[in-house]
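All values below were derived from every heavy atom in this structure, side-chain atoms included, with hydrogens, water molecules and symmetry-related copies excluded. Counting convention: from 1, in listed order, for ligands and their atoms alike. Counting begins at 1 with the first residue of the sequence.
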Amino acid sequence: MSEESIPAATGLPMRLSRLHNWLSLSGMVLAISAFFAFMLLFAVDLFATHANPYMGILAYVVAPAFLLAGLAAVLVGYILETRRIPTGHPEMASNFILHVNLTRRRDRRLLVGFVGGSLGFLFLTALGSYQTYHITESNSFCGEVCHTPMEPQFKAYQHSAHAKVACVACHVGPGAGNYIRTKISGMRQLYHMIMGDFTRPIALHNINQRPAQETCQSCHWSQKHTGDLQKTYRHFLADEANTPFTVQMVLKVGGSDPVHGPVQGIHSHMSVSNKVEFIATDEGRLNIPWVRVTDANNKVTEYRTKDFTDDISKYAIRTMDCMDCHNRPSHKYLTPNAAVDQSLAFGRIDVTLPWAKAKVVQALVQPYATREEANAKIESFLRGQYPDEKRVNALIKETQAIYTSNFFPEMKVDWRVHPDMLGHKDSAGCFRCHDGKHLAGDSKSSIKGSDCNACHLIVSQGAGKDLEKVDAKGLPFIHIDSENSDPSCYECHTGQTQE
Ligand code: HEC
Ligand code: HEC
Ligand code: HEC
Ligand code: HEC
Ligand code: HEC
Ligand code: HEC
């Protein structure tokens with residue numbers, strides 16, 4: 001117990017001495033650490049290569065909250081101390097007032113302990129803040145912490161060519177405007193996540209929030225001349241034998257920069273000298289009735305569909321960019337048809353199991369409210385279809401796996417919500433413009449590149465011996481349902497098997 005006399009509680013120095021209590025001192029350490037953490041986070045944020053949407057929450061909400069808590073502790077300590085002194089129990093108060101006398105070993109030890117402890121705490125705060133920053137940067141934070149709302153995007157992303165690219169590399173654009181927008185959007189997301197009132201399915205708040213072309217170009221050199229790209233599409237019919245039907249073709253991807261090769265083919269839309277602009281009348285940009293091309297010589301050509309007579313000044317005109325074709329570079333939800341074709345092609349579903357294609361697609365497309373319900377009903381449906389079949393367990397497992405990767409009943413997300421625009425079989429895609437129905441002013445010419453060999457050449461098709469007949473000049477497409485090819489492909493092919 002201290003033997004020194006307690007100074008009278010008068011004057012400013014004395015009032016400050018009321019801060020000499022453990023509560024106030026701990027508050028100070030907390031406040032200083034929080035301030036330190038704030039400065040550190042602020043600096044990291046300032047010098048980071050791209051804005052992190054959740055950083056704002058750490059730097060401007062969490063750190064200041066700790067700062068305030070620390071200051072509050074200082075104040076409470078002060079008030080408690082003030083209350084104690086006028087009650088006239090100086091002895092009691094003295095237990096709490098700090099008297100540091102450096103000549104005493106115990107005090108020296110206490111002081112060293114306190115200063116050492118505080119420095120340690122400060123260090124841990126810095127380390128903790130920096131670690132937390134790293135966690136918010138990580139893909140699992142974007143995809144998993146925010147589990148329900150982002151699950152579809154995260155799952156699909158893990159199967160995409162971009163599975164090794166950070167979410168923030170695409171979703172946080174360069175520049176100061178994006179920086180601020182990202183901060184606000186991070187706060188808004190957190191708010192909706194806590195309130196649970198996010199939309200199902202999650203939508204980009206505004207279509208202009210999708211990644212900018214410059215973002216893709218930070219990795220992809222779009223002047224590259226790709227030329228021809230060989231692709232194989234393996235399908236299976238919805239018949240008893242799951243008859244294979246394969247299309248092998250060469251996609252004329254071409255290039256967009258005359259310096260590196262001829263401007264031609266599919267990537268010619270991205271030509272440095274050409275410009276393709278369009279109007280979409282719906283948010284999903286499925287309906288494009290008006291297109292304008294400005295070529296290298298500044299010649300402007302406008303194309304319209306016959307029934308579109310509106311004044312274009314009512315609409316926003318957009319310049320075509322990568323995402324108008326590659327709209328699902330990293331969150332692609334396979335159609336049930338395509339997913340089952342893939343499993344059959346890779347041998348994950350036994351192709352000799354009668355009607356497997358038709359039955360599995362049928363099991364996938366039923367309306368289910370939750371994943372658990374889907375798993376249970378897929379199992380009971382398939383068991384009912386194949387009562388004496390040993391392979392049914394593997395079939396059930398694979399069907400459930402397809403469902404898990406491509407269907408998100410809780411978020412109401414599947415291929416129908418986010419159609420892929422890259423082709424024209426299951427969604428309008430390229431045919432939004434290349435359907436031969438967009439006519440120039442003279443009403444005679446339509447957009448170039450609308451015949452079957454403009455974008456690709458079918459090299460071979462069919463199955464077995466047929467598939468060995470190869471023609472590099474391009475074959476006419478032999479459709480299964482050949483009498484019936486008048487409508488556009490996507491009007492029959494909706495992603496499910498055709499009845
Ligand atoms: C290769 C670039 C890229 C990467 C990497 C990427 N995204 Fe996306 N993301 C996109 C594009 C493009 C869109 C859709 C734009 C459109 O439809 O117009 C999108 C859309 C979204 C949407 C809106 C809903 C939707 O499906 O259209 C969410 C949510 C989303 N992404 C979350 C994520 C998360 C979480 C990650 C990381 C696990 C991630 N993204 C990684 C490019 C990317
Ligand atoms: C951070 C770098 C990065 C960014 C940003 C990026 N990509 Fe990629 N992209 C990659 C990588 C890496 C691959 C995979 C290469 C491979 O096959 O291993 C890839 C592959 C692709 C492919 C080929 C897909 C396939 O199935 O083989 C396309 C198309 C593509 N990206 C389009 C885009 C688009 C559109 C954007 C903008 C929304 C974009 N990328 C943004 C790095 C990036
Ligand atoms: C008119 C539609 C369209 C536009 C616009 C477009 N692409 Fe493509 N791109 C395609 C098609 C079709 C393919 C063929 C690949 C396929 O079918 O998977 C392709 C292929 C690619 C590939 C793969 C090439 C390879 O060598 O494997 C990359 C990477 C790519 N595009 C990036 C981009 C980027 C970046 C942009 C924007 C600057 C862009 N594309 C704009 C339609 C387009
Ligand atoms: C927004 C409308 C639009 C969409 C969507 C679109 N295109 Fe185009 N495309 C054009 C316009 C306009 C031209 C220039 C044609 C002209 O000058 O008449 C063009 C030109 C082309 C050409 C060059 C044709 C030639 O002979 O010079 C090819 C190949 C092509 N597009 C392929 C595609 C593919 C593949 C897709 C889908 C992945 C696609 N386009 C999607 C509007 C579009
Ligand atoms: C504007 C360009 C364009 C035109 C015109 C076009 N296609 Fe395609 N087609 C594509 C692209 C791009 C893909 C590849 C889609 C992908 O990789 O997902 C494709 C894919 C295909 C496939 C393979 C699809 C699959 O899943 O098996 C067939 C078959 C096909 N086209 C037939 C035709 C026929 C028949 C015509 C004429 C009526 C035609 N295409 C006209 C761009 C075009
Ligand atoms: C009138 C309706 C209709 C139109 C239009 C149509 N198809 Fe089909 N398609 C069918 C039917 C029916 C089958 C047989 C489905 C089965 O047994 O799984 C089929 C089968 C196919 C298959 C093989 C199996 C599969 O499910 O993928 C391909 C590939 C295909 N069509 C591509 C196309 C392309 C490309 C176009 C446009 C050029 C097109 N179809 C237009 C009705 C149509």
Side-chain angles (χ1 to χ4, degrees), residues 139-144 146 149-150 152-158 160-171 201-204 207 209-211 215-216 219 233 235-239 243 245-247 251-254 263-269 274 276-278 280 284-285 288 291-293 295 301 303 318 320 322-331 333 337-338 341 357-358 361 413 417-418 421-426 428-434 438 440 445-450 452 454-456 461 477 479-481 483-493 497-499:
N139 300 336
S140 55
F141 179 80
C142 301
E144 283 173 340
C146 188
M150 296 286 179
Q153 280 73 27
F154 187 55
K155 276 266 167 60
Y157 156 91
Q158 288 171 306
S160 80
H162 290 104
K164 290 267 167 205
V165 173
C167 314
V168 286
C170 280
H171 283 290
I202 284 263
L204 294 181
I207 193 76
Q209 267 185 345
R210 65 187 196 168
T215 307
C216 315
C219 291
Y233 302 84
H235 301 286
F236 297 84
L237 302 186
D239 56 11
T243 308
F245 182 87
T246 297
V247 182
L251 281 164
K252 303 177 183 175
V253 180
V263 174
Q264 57 177 210
I266 299 170
H267 273 176
S268 66
H269 300 81
N274 267 12
V276 178
E277 293 163 300
F278 67 88
R285 297 183 183 172
I288 299 182
V291 182
R292 176 165 68 195
V293 192
D295 74 8
T301 317
Y303 299 93
R318 271 194 50 90
M320 198 168 171
C322 318
M323 256 74 60
D324 289 310
C325 299
H326 299 283
N327 70 323
R328 299 277 118 203
S330 103
H331 318 293
Y333 306 103
N337 195 36
D341 281 349
K357 168 82 189 269
V361 171
V413 168
V417 175
H418 297 298
M421 296 297 159
L422 205 54
H424 54 81
K425 181 164 166 264
D426 301 316
C430 313
F431 282 14
R432 289 172 297 167
C433 300
H434 291 280
H438 291 66
S445 51
S446 62
I447 294 179
K448 269 184 272 170
S450 302
C452 295
C455 305
H456 48 63
Q461 59 193 324
F477 180 48
H479 193 252
I480 309 299
D481 200 32
E483 315 91 78
N484 235 345
S485 350
D486 220 22
S488 278
C489 326
Y490 62 94
E491 288 172 49
C492 293
H493 289 276
T497 48
Q498 306 307 301
E499 296 303 323

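Numbered from 1 in the order shown, with element, the atoms of ligand 4 that lie under 4.0 Å from a heavy atom of Arg432 read 5 (C). Per-residue contacts place Pro329 under 4.0 angstrom from the following atoms of ligand 1 (heavy atoms of the residue considered): 12 (C). Of all atoms in ligand 1, numbered sequentially from 1 with element shown, those under 4.0 Å from a heavy atom of His162 are 1 (C). Of all atoms in ligand 4, listed by their number and element, those nearer than 4.0 Å to a heavy atom of Val291 are 12 (C). Short contacts between ligand 4 and Tyr303, defined as distances under 4.0 Å to a heavy atom of the residue, involve ligand atoms 16 (C), 18 (O). The Asn337 neighbourhood of ligand 6 comprises atoms 25 (C), 26 (O), 27 (O), with distances under 4.0 Å to a heavy atom of that residue. Interface of Val293 with ligand 4, defined as ligand atoms under 4.0 Å from a residue heavy atom, comprises 12 (C). Which parts of ligand 4 touch Ala454 is read off a 4.0 Å heavy-atom cut-off, strictly below it: atoms 29 (C). Here is the list of ligand 6 atoms found below 4.0 Å of a heavy atom in Ser488: 5 (C). Listed by number with element, the atoms of ligand 4 under 4.0 Å from a non-hydrogen atom of Cys325 are 38 (C). Taking every heavy atom of Phe154 and a limit of under 4.0 angstrom, the matching atoms of ligand 1 come to 38 (C). Remark: ligand 6 atoms within the under-4.0 Å shell around heavy atoms of Ile480 are 20 (C). Of all atoms in ligand 1, numbered sequentially from 1 with element shown, those under 4.0 Å from a heavy atom of Val165 are 5 (C).
The minimum heavy-atom distance linking Leu422 with Cys430 is given by the pair O-SG, 3.5 Å. In terms of heavy atoms, Met323 sits closest to Cys216 at SD-SG, 3.8 Å. Looking at every heavy atom in both residues, Ala169 comes nearest to Val165 through CB-CG1, 3.9 Å. For the residue pair Tyr333 and His418, the shortest heavy atom distance occurs at CE1-CD2, 3.5 Å. Closest approach of His269 to His434, counting heavy atoms only: NE2-NE2, 3.8 Å. The heavy-atom pair separating Pro201 from Val413 by the smallest distance is CB-CG2, 3.4 Å.
By the 3.5 Å distance cut-off applied to N or O atoms, Ala238 is counted among the residues near ligand 6. Not one N or O of Asp239 is nearer than 3.5 Å to an N or O of ligand 6, by distance alone. Of the N or O atoms in Lys448, one or more lie within a sub-3.5 Å distance of an N or O in ligand 4. Taking any N or O of Gln153, backbone or side chain, at least one lies under 3.5 Å from an N or O belonging to ligand 1. Considering both main-chain and side-chain atoms, His331 comes within under 3.5 Å of ligand 1 through a nitrogen or oxygen pair. For the pair Ser330 and ligand 1, the shortest N or O to N or O distance falls below 3.5 Å. Checked against a 3.5 angstrom limit, the closest N/O atoms of Asp341 and ligand 6 fall outside it.
Under 2.8 Å from atom 8 (Fe) of ligand 4 lies an N/O/S atom of His434, whether from backbone or side chain. In summary, Cys433 places no N/O/S atom under 2.8 Å from atom 8 (Fe) of ligand 4, failing the contact criterion. Within the coordination shell of atom 8 (Fe) of ligand 6, defined by N, O or S atoms under 2.8 Å, His493 is present. At a cut-off of 2.8 Å, Cys492 is not counted among the residues with an N, O or S atom near atom 8 (Fe) of ligand 6.
Under 4.0 Å from ligand 4, not a single heavy atom of Gln264 appears. Contacts between His479 and ligand 6 below 4.0 angstrom, taking non-hydrogen atoms only, involve the side chain exclusively. Residue contacts with ligand 1 for Ser160 are absent, since no atom lies close enough (heavy atoms, distance under 4.0 Å). Counting heavy atoms under 4.0 Å from ligand 6, residue Tyr233 does not touch it at all.
No donor-acceptor pair under 3.5 Å is formed between the side chain of Ser488 and the backbone N or O of Tyr490. Proximity of a side-chain donor or acceptor of His438 to a complementary backbone N or O of Arg432 within less than 3.5 Å is detected.
Under a 4.0 Å heavy-atom criterion, Asp324 is not in contact with ligand 4. Contact annotation: Ala166 has at least one heavy atom less than 4.0 Å from an atom of ligand 1.
Between Phe431 and His424, the angle of the ring planes stays under 30°, which puts this pair in the parallel group of the 30/60° scheme.
Looking at Ala169, Cys170, Cys322, it is Cys170 that brings a heavy atom closest to atom 2 (C) of ligand 1. Among Met323, Arg328, His418, Met421, the residue whose heavy atom sits closest to atom 14 (C) of ligand 1 is Arg328. With atom 9 (N) of ligand 4 as the reference point, the heavy atom nearest to it among Arg285, His269, His438 is part of His269.
Note that OH of Tyr157 is 15.0 Å distant from CZ of Arg328, once rounded to the nearest 0.5 Å. Phe236 CZ to Thr243 OG1: the interatomic distance, rounded to the nearest 0.5 Å, is 10.0 Å. Interatomic distance, Ile480 CD1 to Leu237 CG, rounded to the nearest 0.5 Å: 4.5 Å. Expressed to the nearest 0.5 Å, how far NE2 of His331 lies from CD of Gln153 amounts to 6.0 Å.
Within the 4.5 Å cutoff, side-chain heavy atoms of Val293 are placed close to those of Tyr303. Counting heavy atoms from C-beta on, the side chains of Met320 and Cys325 come closer than 4.5 Å.
With sequence neighbours excluded, no residue forms a ring pair (Phe, Tyr, Trp, His ring centres under 6.0 Å) with Phe245.
Nearest to atom 28 (C) of ligand 4 among the protein's heavy atoms is Gly265 O, 3.8 Å. From the protein, the heavy atom lying nearest to atom 24 (C) of ligand 4 is Gly449 CA, 3.8 Å. Scanning the protein heavy atoms around atom 13 (C) of ligand 4, the nearest turns out to be Ile447 CG2, 3.9 Å. Shortest contact from atom 23 (C) of ligand 4 to any protein heavy atom: Ser268 OG, 3.8 Å. For atom 34 (C) of ligand 4, the closest heavy atom belonging to the protein is Cys430 SG, 3.4 Å.
The pair Asp324-Arg318 meets the salt-bridge criterion, with a side-chain N (NZ, NE, NH1 or NH2) lying under 4.0 Å from an Asp/Glu carboxylate O. Asp239 and Lys357 are not joined by a salt bridge, as no carboxylate oxygen comes within less than 4.0 angstrom of a charged side-chain nitrogen.
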Between His235 and Lys425, does the side-chain contact (heavy atoms from CB on, under 4.5 Å) criterion hold? Intermediate values first, please. CA-CA 12 Å; His235 301 286; Lys425 181 164 166 264; 3.6 Å; yes
